[in-house]
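No experiment lies behind these values; they were computed from the predicted model shown. First the proteins, then the strands, lettered A, B, ... as listed; each starts at 1.
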Amino acid sequence: MTRQKTEPVLYAEDEADDVFFMQAAFKRAGVERLLHAVSDGEQAIGYLAGTGPYADRELYPLPGLVLLDLNLPGRSGFEVLAWLRSQPTFRDLTVVVFSSSGRPEDRAKAAKLGATEYLLKPASGGEFTNTARLLRERWLSEAGR
Amino acid sequence: MLEFASWKPRLLVSLGLFFAATGAMGYLRLHVFPDQFITLTYALPLLICLWYPSLRLLWSMATAFIGMSAYKAFALLPSHQLFVEENTVHWVMQVVNILLVASTLNIVLVILGRLRAANVTLEESNQELAARDEEISRQNEELQAQTAELSEQNEEIQQQSEELQQQSEEVHAQAEELQAINAELSKRQELLENLLQSLHDVRGPEISPDQLCGPLLHLFRGAASVAVVVLRDGDDVVVQAQAGEPAVDATRWPFASSFTAVAMEQDKVAGVADLALRPDFNVARPAGGRFRAVLAAPLRLAGRPAGAIELYSNAPCSWTREHFHILEWSAAQGSLIMEARRLHQQLVAANAGLDRLVQARTAELQELVTELEHFSYTITHDLRAPLRAMHGFAQFLEEESGPQLDDQARGYLRRIAVAARRMDQLISDALSYSKAVRLELAMSPTDPVALLRGMIESYPAFQPPKARIELPASMPQVVANEAALTQCFSNLLDNAVKFVPAGRTPHVKVQAEERDGMVRLCFQDNGIGIPSDMQHRLFVMFQRLSKEYEGTGIGLALVRKVAERMGGRVGVESEPGSGSRFWLELKRGH
């Protein structure tokens, strides 16, 4: 395994079920990456900044892609995105917003804050597989890197 | 006369006359009296030429006579007489005589000829003159006739002129009268305008002097010197406004035994010609003096006498009927205006209250709307998450444990999945509807064909073999919000392909009709159709006409709401069994 292939995916999501479905989807779609889940904005920033419990990069390596729900408790997905893009380290990091909101204003705001992509959450947890497949094809395959 | 003009001596006549004359003369002189001189002169026949004017004849005869005379004198007579010398003298005399007469006649004939020619010319001009004369006299007659006519007309005009003058005088008189009335009316109008002006002035209930009292004094033209408006205030009479000199000194006096009370109790105009005779009346007083005459009319507020307009004079005054009328009229107008002002003030107060209420309610509503917006946003997130889980777990359960389950259990799982899907659809439809109601729709000219084509290309459900949707090559542009119109089309096409009997391929034909600046987009399907008694319920929220087909009952309500918000309409023509024709009408885009 190359180093790049071990770069995990960080998934900021407060819904445990959605995390479960994304884990299953990674398996079903054959995404050979670790999926680290954090349940709020504070934790997401802590993970990326390597503060507190996330200081150990062996345990919590920097992700190759961030999957970001917008409706997070505490600091919202938008705040995480804004912080991320304010850090020189993460200026080029792939950040995919993954939200059930189809509101045009949310899409526009995400684009303005520098999201790489905006994906709508499917109506069924079973359909996360499609999302995982898309992630793999576009950002997580060897060829894509 | 005209024959005379062309007259010429004829040779035959001349010859005849010549031979007759010379013959007769020869016979007499040479044959009858060959031996003596006779007194008959040769010149006599020459005179024939006066009757038959021919110079040729004249000189032929003269020559013949001279010859004849010579023959007689020298051939015949010497045989009879002895003195030939005497004969010679005779002959010479005869020749001279003939020549003289002939010459004279010649001159006369020439002159006659000239005279005749002159006569002819004269005759001609005479004729011409006569013709002219005739013409002139005819013209003259005509002129005379015209003159007669003209004088007749002249007479008529004169008559009309007189009439006009009479009418003009009458009009003048009426105009003067009208001017007088107008002057009076404009004074009254001034009073009214002043009163009306006071309507817009909502400072208080009082009427300022120049609004009522000033114009009123002007109307009374010196008959009164002071005008006062008083209102009853409990046991007192209080001056509200006044105009004129000398000014009223005290502005309050007892109501009891006041003249104001008299006018109010009688509820009509009352006057006193000389106040010196009625010292018992309480009336307005100028500083250090008394008024001598008063005329008062009651002022009514809310239908009851509330005060009076009073006119005072410094000298005794017998008030005329005209004075009574004017004051009565003025008081009526004043009452009306004061009443109107009172109502207006009430209205303004009520309005202010209403305004505050409306503002408060608007703020409350705004808060509610914001709350609702937040609520619907939360719905998408919070309600959808469990549904996503429900559907996902049902799917996983069926996929992973399906073989170990019996048919019934698998059926339940499918029902859970279907229910979750429907719930999700309901949520998103409700959200769309609330958005359609709430959001501002930016409108622009839009090409419906391009939108429809794009939609069909991106949804396999609208493509063969699942469905056949026919579009025209082009359609007129419509004024619409593109996103909202997409939503309408998507709902209409969804319905058109959904409500078909099992086993039939949906076939939808889209057409555009233009009328009166509107474009009607028609969607003709080959579906089950809709009974006419159900059609009015179609576009109502949560009305589903069939349980056999999936749906939330929001789609068409949403289409109607969106169409209305874009200034359009929707409708349907349908019969069960023969398909439906839904239409969406929008303004034409240019």
Side-chain angles (χ1 to χ4, degrees), chain A residues 11-30 35 37-41 67-80 97-110 118-133, chain B residues 370 373-402 413-436 438-442 458 481-484 486-487 490 550 552:
Chain A
Y11 184 21
E13 175 62 80
D14 60 324
E15 288 284 339
D17 288 333
D18 285 348
V19 174
F20 169 84
F21 284 120
M22 194 51 84
Q23 297 277 13
F26 267 44
K27 238 176 264 158
R28 288 176 172 222
L35 186 69
V38 289
S39 58
D40 60 41
L67 202 54
L68 192 61
D69 183 27
L70 290 178
N71 195 26
L72 294 171
R75 300 177 85 167
S76 73
F78 287 126
E79 286 174 85
V80 175
V97 171
F98 189 56
S99 166
S100 58
S101 164
R103 298 204 306 178
E105 53 265 48
D106 286 346
R107 280 180 186 273
K109 193 173 174 189
Y118 191 109
L119 296 179
L120 200 61
K121 261 187 204 172
S124 165
E127 284 159 20
F128 276 32
T129 317
N130 295 335
T131 312
R133 211 169 280 134
Chain B
T370 315
E373 246 172 88
H374 180 73
F375 172 70
S376 55
Y377 181 67
T378 316
I379 277 180
T380 52
H381 283 88
D382 296 358
L383 288 188
R384 275 183 159 170
L387 281 173
R388 207 161 46 236
M390 237 166 85
H391 190 275
F393 285 123
Q395 191 183 337
F396 279 12
L397 190 56
E398 203 197 348
E399 281 170 15
E400 288 167 16
S401 313
L413 277 176
R414 262 195 301 280
R415 282 181 178 222
I416 290 171
V418 167
R421 276 249 190 266
R422 255 195 55 209
M423 179 88 184
D424 191 70
Q425 193 59 48
L426 248 164
I427 290 168
S428 51
D429 281 0
L431 209 65
S432 303
Y433 188 84
S434 81
K435 237 192 259 176
R438 207 178 65 239
L439 288 184
E440 204 55 44
L441 295 179
S458 46
N481 175 276
E482 199 175 301
T486 306
Q487 213 166 21
S490 134
E550 240 182 79
T552 59

Do other residues, nucleotides or ligands put more than 12 heavy atoms under 6.0 Å from B:Glu482 CD? no
Which side-chain N or O atoms in residues 118-129 of chain A pair as donor and acceptor under 3.5 Å with protein atoms at least two apart or in another chain?
| from | atom 1 | to | atom 2 | distance (Å) |
| --- | --- | --- | --- | --- |
| A:Tyr118 | OH | A:Ser101 | O | 2.8 |
| A:Lys121 | NZ | A:Glu13 | OE1 | 2.6 |
| A:Lys121 | NZ | A:Asp18 | OD2 | 3.1 |
| A:Ser124 | OG | A:Gly126 | N | 3.0 |
| A:Ser124 | OG | B:His391 | ND1 | 2.4 |
| A:Ser124 | OG | B:Gln395 | OE1 | 3.3 |
| A:Glu127 | OE2 | B:Arg421 | NH2 | 2.4 |
| A:Thr129 | OG1 | A:Gly126 | O | 3.2 |

Residue set satisfying side chain to side chain contact (heavy atoms under 4.5 Å, CB included) with B:Gln487, at least two apart, ordered chain then number -> B:Ser432, B:Asn491, B:Leu558, B:Val562
Correct closest heavy-atom pair for B:Phe393 and A:Phe21 would be N-CZ, 3.4 Å
Which answer fits A:Asp106, side chain, backbone, both or neither, if we ask what part of it has an atom under 4.5 Å from a heavy atom of chain B? side chain
For B:Ala420, is it the side chain, the backbone, both, or neither that has a heavy atom closer than 4.5 Å to a heavy atom of chain A? neither
Less than 4.0 angstrom from a charged side-chain N to a carboxylate O is my criterion; do A:Arg28 and B:Glu399 meet it? yes
Between B:Pro386, B:Gly392, B:Ala394, B:Ala385, the one whose heavy-atom pairs under 4.5 Å with chain A are most numerous: B:Gly392
